[in-house]
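Protein chains get the first letters and strands the later ones, always in sequence-line order, with residue 1 at the start of each.
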Amino acid sequence: MPEFQTSPGMRDVLPPESARWRRFVRTFDETVSAAGYGQVVPPLLEDIGVFHRVGEATDVVTKEMYDFVDKGERHVALRPEQTASVCRAFVQHRPATPWKVWYAGPNFRYEKPQRGRYRQFDQVGIEVLGPDDPYLDVEVIALGWRFFRTLGLGQVTLMVNSLGEPADRTAFVAALREYFEANIDRLTPESRVTLSKNPLRVLDSKRPADADVIASAPRIADFHSETARASFAAVLDGLRALDIPFVVNERLVRGLDYYRLTTFEYVGGTLDSAQNALGGGGRYDGLVEDLGGPATPGVGFAIGLDRTLLACDDEGVFAAHEQGVDVFVVDTTGGLHALTVTDQLRAAGISADRAFENRSMKSQMKAADRSGASVAVIIGSDEAAAGTAVVRPLRDGGEQTSIPRTELITTLRKVLS
RNA sequence: GUGGGCGUAGCUCAGUCGGUUAGAGCGUCAGGUUGUGGCCCUGAAGGCCGGGGGUUCGAAUCCCCUCGUUCACCCCA
């Protein structure tokens, strides 16, 4: 074991996986850019107060933040998510609404690491601030859905729910608390602790012993106001109109406190895994106001990059693949010709690599093969003296030819096309 | 944060009733004659057996601690 390794829950992303990450973000960019979303790049570090507004009762804020006091005595935190940052940016810059933005980048949560759960983890997401329209919720959900489809994922389940308007939610939470307290002896000790902090979250318990009590708990739908009911119906109608399959899950409560009305989650195919939530989001109409801005409705989602790629692996789609070069230059005369020829090729837009340390012909040819290049350009002492180069196809047979160096680029363009 | 599994070469893993110089495959490097890759053959390099302590004549192997990882709870993406 080396003396220094990555900190727990942090890791290096190496080729070719790193290229897959870039393609992932590029694919997301293309999906949402086509719907009029622009990229916002918020800082990794914010005043800790920005995140406190996300939810005083959530573990994300109370236990898992990477926070510290900086040299200027400011209490700051590495962002645990980006929705709060986007809303803070909105309040600070007051762009015209509807403000449709997307983001991609790392977030930090001090949790015990697990497969698909890291302390530094990347998310992509979108947020729309301004419009209060259930069809916007549908657009947002549909863009996430389209993204998964573009990646090639076929086993994603969309779960939707509505938490109702704030008053509905408050009434529901009160009813829940009353119900669970009346049945507290049937709850697991862990759920009793959860109950004292946030009764909603008890619904999310995955412990089998809690299943019975939860099954007969009050139902959120019974507390929906007329407005909430109409909004939720419009969302479901919109999803049907787009032929997006969904499952209404009344126990879907989500982890952050700011959600109201529509909430949704994309669940991966491997349902036996505890880390099967690929992404999720919802409407958060109070967050901008909480951050000191004008009352502004908002809706959005975040998708976990790691988990989604794990789901891709499970389904055998969106695989990583090695990136090669077009041409590999072999030079057995010391390497100066390889230096100038690769430079010349790159300038002409032909990707090229070479070997170093003046290795043997055999060794350099092996390297050429491994490089993935479809053509080798070989320069030995004869070619160097004659001002020529050998062009040797590496993949699909074909004879090698000796040509003047001046014709190298035109010849290669022909061979590569 | 709580509980269980695991931790041996760069990678994937053998090896434990404790017993001489710790193995394989893949990968890397070098050869297999005269300047040419993929297949094959030969050889080489590469391990404080995660770290520390203990038991023992002797520990990769047993015990304790610790770190890391993984699974479940929790949390959530």
Side-chain angles (χ1 to χ4, degrees), chain A residues 1-11 14 54-55 57-64 80-83 104-125 144 188-191 193-194 197-198 201-202 204-210 252-256 265-268 272-281 301-311 328 330-333 355 357 359-384 390-397 399-400 402:
Chain A
M1 283 294 147
E3 182 181 0
F4 294 112
Q5 295 187 74
T6 48
S7 271
M10 313 267 173
R11 61 236 204 284
L14 310 178
V54 166
T58 64
D59 284 2
V60 169
V61 169
T62 55
K63 300 197 315 209
E64 300 172 356
E81 55 123 39
Q82 289 177 73
T83 303
N107 305 307
F108 302 84
R109 293 181 195 174
Y110 195 89
E111 296 185 273
K112 187 159 177 178
Q114 222 173 93
R115 183 176 180 77
R117 190 173 85 184
Y118 303 98
R119 288 181 176 175
Q120 176 179 333
F121 63 101
D122 275 61
Q123 287 184 330
V124 296
T188 57
E190 294 88 344
S191 284
V193 174
T194 309
K197 294 187 300 188
N198 188 345
R201 299 223 53 81
V202 177
D204 218 13
S205 165
K206 285 168 181 158
R207 288 172 292 271
D210 288 325
L252 179 65
V253 295
R254 311 271 320 136
L256 283 349
E265 198 165 294
Y266 305 99
V267 181
D272 53 329
S273 167
Q275 266 71 45
N276 62 358
L278 304 184
F301 67 67
I303 289 171
L305 190 150
D306 306 286
R307 290 185 186 180
T308 304
L309 288 179
L310 286 174
F328 197 93
V330 172
D331 172 5
T332 57
T333 70
E357 302 177 312
R359 292 188 195 277
S360 67
M361 171 73 82
K362 178 171 179 168
S363 168
Q364 292 192 49
M365 285 304 293
K366 276 188 170 181
D369 185 51
R370 276 186 307 234
S371 76
S374 45
V375 178
V377 169
I378 304 167
I379 298 169
S381 46
D382 294 351
E383 288 78 14
V390 169
V391 173
R392 177 179 173 83
L394 292 173
R395 303 299 154 195
D396 41 12
E399 288 298 300
Q400 67 179 45
S402 183

| Got a salt bridge between D369(A) and R395(A), using NZ or NE/NH1/NH2 to carboxylate O under 4.0 Å? | yes

| message | Any carboxylate oxygen within less than 4.0 angstrom of a Lys/Arg side-chain nitrogen, looking at E111(A) and R109(A)? | response | no

| task | Searching all strands shown, indicate the nucleotide that pairs with C73(B) (Watson-Crick or G-U wobble; both distances under 3.5 Å). | result | G1(B)

| task | Using atom CZ of F108(A) as one end and atom C1' of C76(B) as the other, report the distance to the nearest whole Å. | result | 17 Å

| Length of the line joining M365(A):CE and G35(B):C1', which is rounded to integer Å | 11 Å

| query | Say you pick atom C1' in C67(B) and the same atom in U55(B); how far apart are they, in whole Å? | reply | 23 Å

| query | Looking only at atom C1', what distance separates U66(B) and C76(B), rounded to whole Å? | reply | 29 Å

Does [X] get its side chain close enough to the base of [N], under 3.5 Å, for a donor-acceptor pair?
X	N	value
E190(A)	G1(B)	no
R370(A)	G38(B)	no
E111(A)	A77(B)	yes

| query | When rounded to the nearest 0.5 angstrom, what is the spacing between OH in Y110(A) and CZ in R119(A)? | reply | 4.0 Å

| query | Quick one: is G38(B) close enough that its OP1 or OP2 comes under 4.0 Å of any side-chain N or O from R395(A)? | reply | no

